[in-house]
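Notes follow the structure.
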Amino acid sequence: MNQTVVMNGLKDLKRLNAGAPLIVLAVLAMMVLPLPTPLLDVLFTFNIALSLIVLLAVIYGRRPLDFAAFPTVLLIATLLRLSLNIASTRVVLLHGHSGPGAAGQVIQAFGDFVVGGNYTVGFVVFMILVVINFVVITKGGGRISEVSARFTLDAMPGKQMAIDADLNAGLIDRDEARLRRVEVAQEADFYGAMDGASKFVRGDAIAGLLVMAINILGGLAVGVLQHGMAVSEAARVFTLLTIGDGLVAQIPSLLLATAAAVIVTRVSSASDMGEQIIAQLFANPRTLAVTAGVLGLMGVIPGMPNAAFLTFAGVSGAGAWMLAEHARQRRRVTEQAPPPALPAESRELSWEDVAPVDAIGLEVGYRLIPMVDKSQGGQLLARLKGVRKKLSQELGFLVPAVHIRDNLDLAPNAYSISLLGVTISKSEVYPERELAINPGQVYGDLKGTVVTDPVFGLQAVWIDASQRDHAQACGYTVVDASTVIATHLSQLLQEHAHELLGHDEVQHLLERLKQSHPRLVEDLVPKQLALGGVVTVLQNLLRERVPVRDIRTILEVLSAQAARGQEPGALTAAVRVALGRMIVQQINGLESELPVITLDHALEQLLHKSAQALAGGDIAMEPGLANRLVAALRAAHQQQELAGQPSVLLVSDALRDYMARFVRHATKGMYVLAFGELPEHADIRIVATVGGPESGR
């Protein structure tokens, strides 16, 4: 019943959040108000009990962050102990002349029993405790706190990057990444607080020495001058009381200093400190065996305490034999373990045996592994994270994580990029070199391995890092191996963005838009248009490098056009018209004039007639004419690239879809716009006309 009452009282105190204010009030009261000796005995006992509780909590904790409140507890315990010193000093000086029991039973017990009533012995014991606390424990613990705080803060950015890398690689989910970031921040806060808390312990040890000296001098003055005691009697009584008071305070101080030193020397583990020490200290039987041999040799030397040495030698030898026997039994059990009851060959197959396909995969040869290993300074994970972030912002949906694995079947310096389980590109890089790319105008040759840039198809040279400045001075663009892979991946993901957008991704886009425009989403999907229709339209846009960031405008157009027809091509064309300003700005930036390439009037009329004659709006083109048109488009495209201008083919609305498919297979990098997609008051400048009698010659 009493235990229930106490627990209920603690719960009520916790609900009221009155613990800290009560402790502060108690500390102030002990400093200002005179306390009766029975209450002093209770408070001294509580102080010792609190120190033991804190020390055991530190010892049995599995990692430092399990006791994250330790710096605050240390401060409160230090203030409590110092306030007790003030209260006991007041009692000793006021009533010490009446005898050793004037300051309470606890101080008297420590003065009489612990040091035998001899104040000289008590003084020596007290000084030894202070030296141990101040010189050994406090100084060492303070130094470890400083180093731990500095190293923890220095390692914080690296830990954050490691968390981001694991998240980007798909090794952890967002919730676990968030939890790890919180733990990293808590760890930095904890060791920073411990660095300051160690100063409390150091100051407490110094305060113990000063309080003892002040109490002895004050006691002599009070006893001799105020109460007429003899100097020797006053020295004996007040010194004994002061030393008893100092021992009562110094023992909890020593315990808390030990707890502070233990918590900063702990290593996070799945076991408490006792289990760690036993498991690591006695992991090898030879440790005890050698110890037994050394103790046995010392035990047979004449004049040594033979019984003690030989006894401990026997105990150590027995422990070594028991550990060795236990290790042998574990090996026998492992060797005699029965085979699996159900071999993998006879186990019934399940869906768990079907490995999922990675949306984006990157396989590297063994010489490229350090590039993705953060412990070896690899920068590739950070670069890939930047690529995903940039593409997600540009395209308008979350690009899936890149799953990286090593592949011994690849060449040592090779890497391959896969999309939905299919390899779409391969290349080689040299981690210890840098790639100097020839942009078209350079002023010298470089020594190295001549290759073709995997991203832009330009001539490039793998050079030593020492040639970087020389290569840049010659006009080359110099990048490292991580940048080559990241840029290659970025280019491929932009080309295949429509393959990365599926039903789940579109559903996420709709759910986000539904938070701000619920009626728009509810009226469109699935009442007017199925989710699959929305997916197809968005994929059509991405296939022609049109981002889907403005999902609101896209859905509004689909909602207005869905009642007229469900054909994806017509819906896509209507959406492109609504996004015309954004499409033109993406192509031409903020330039006021758009350079365009047009079709010859005769060819355009021919294509119109062909589209009207064939069912479904498709177009038939004579092979010779198609070849001449491809050659003309390529020549015009190259001319625009050399001029540093975008390559845009402007056609009528009815031909845009067909010409977009034609150009996609003929000329990579050319945009196809319809007249209806141009913004109002758009200025165009015709730079070439293709498809005429002279085209392709």
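Position 1 is the first residue of the sequence, and the numbers go up from there.
Judged by distance alone, the side chains of Thr598 and Thr689 do bring a donor and an acceptor atom under 3.5 Å apart. When only modelled atom types and interatomic distance are considered, His608 and Ser652 share a side-chain donor-acceptor pair under 3.5 Å. Using a 3.5 Å distance cut-off with no hydrogens or angles, the side chains of Glu495 and Gln491 do pair a donor with an acceptor. Defined by atom type and a distance below 3.5 Å, a donor-acceptor pair is missing between the side-chain atoms of Gln640 and His637. For Arg433 and Thr449, the side-chain atoms include at least one donor-acceptor pair closer than 3.5 Å. Between the side chains of Glu363 and Ser418, not a single donor N or O lies within less than 3.5 Å of an accepting N or O.
With hydrogens and angles ignored, the 3.5 Å screen pairs a side-chain donor or acceptor of Asn407 with a backbone N or O of Asp409. A side-chain donor-acceptor contact under 3.5 Å links Asp453 to the backbone of Phe456. With hydrogens and angles disregarded, a donor-acceptor distance shorter than 3.5 Å links the side chain of Arg388 to the backbone of Pro400.
Using a 4.5 Å heavy-atom cutoff, the side chains of Glu544 and Arg656 are in contact. Side-chain contact between Ile360 and Leu493 is present, with at least one heavy-atom pair separated by less than 4.5 Å. No side-chain heavy atom of Met670 sits less than 4.5 Å from a side-chain heavy atom of Arg664. Counting heavy atoms from C-beta outward, Leu435 and Val451 have side chains that approach closer than 4.5 Å. Residues Val534 and Leu555 meet the side-chain proximity criterion, which asks for heavy atoms closer than 4.5 Å. Put simply, the side chain of Thr452 does not reach to within 4.5 Å of the side chain of Leu458, judged on heavy atoms.
The line from CD1 of Ile437 to OG1 of Thr477 is 6.0 Å long, rounded to the nearest 0.5 Å. Between Leu571 atom CG and Gln566 atom CD the span is 6.5 Å, to the nearest 0.5 Å. The OH atom of Tyr415 lies 9.5 Å from the CD atom of Glu428; values are rounded to the nearest 0.5 Å. In this structure, CG on Asp445 lies 8.5 Å from SG on Cys474, to the nearest 0.5 angstrom. A distance of 14.5 Å separates CG of Leu513 from NE2 of His508, quoted to the nearest 0.5 Å. Between the CZ atom of Arg468 and the CG atom of Leu446 there is a distance of 12.5 Å, given to the nearest 0.5 Å.
A salt bridge does not link Lys447 with Asp464: every distance from a Lys NZ or Arg NE/NH1/NH2 to an Asp or Glu carboxylate oxygen is 4.0 Å or more.
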- request: Could you walk me through whether Glu432 and Arg367 pass salt bridge (charged side-chain N to carboxylate O under 4.0 Å, His left out), step by step?
  value: CA-CA 10 Å; Glu432 68 281 359; Arg367 290 194 62 188; 3.5 Å; yes
message: Evaluate Glu394 against Arg545 for salt bridge (charged side-chain N to carboxylate O under 4.0 Å, His left out), listing each step before the verdict.
response: CA-CA 10 Å; Glu394 291 180 352; Arg545 293 172 286 176; over 6 Å; no
- request: Apply side chain to side chain donor-acceptor pair (under 3.5 Å) to Gln507 and His503, showing your working.
  value: CA-CA 6 Å; Gln507 187 64 47; His503 283 66; over 6 Å; no
- request: Please assess Met582 against Thr553 for the test side chain to side chain contact (heavy atoms under 4.5 Å, CB included), listing each intermediate value before the final yes or no.
  value: CA-CA 11 Å; Met582 183 193 68; Thr553 300; over 6 Å; no
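Under the salt bridge (Lys or Arg N to Asp or Glu O under 4.0 Å) criterion, Glu522 pairs with no residue at all, not counting sequence neighbours. Every residue two or more places apart in sequence or in another chain that forms a salt bridge (Lys or Arg N to Asp or Glu O under 4.0 Å) with Glu593 is listed here: Arg685.
Across Gln379, His488, Arg383, a single residue satisfies side chain to side chain donor-acceptor pair (under 3.5 Å) together with Thr483, and that is Arg383. For the side chain to side chain contact (heavy atoms under 4.5 Å, CB included) test with Asn540, the passing option among Val575, Thr572, Asp657, Val535 is Thr572; the others fail.
Scanning both residues, Val429 and Ala481, for their nearest heavy atoms gives CB-CB, 4.0 Å. Taking every heavy atom of both residues into account, Ala486 and Leu384 meet most closely at CA-CD2, 4.2 Å.
In Phe675, the CZ atom is crowded: over 12 heavy atoms of neighbouring residues, nucleotides or ligands sit closer than 6.0 Å.
Note on residues 575-589: pairs passing side chain to side chain donor-acceptor pair (under 3.5 Å), not counting sequence neighbours, are Arg576-Glu677.
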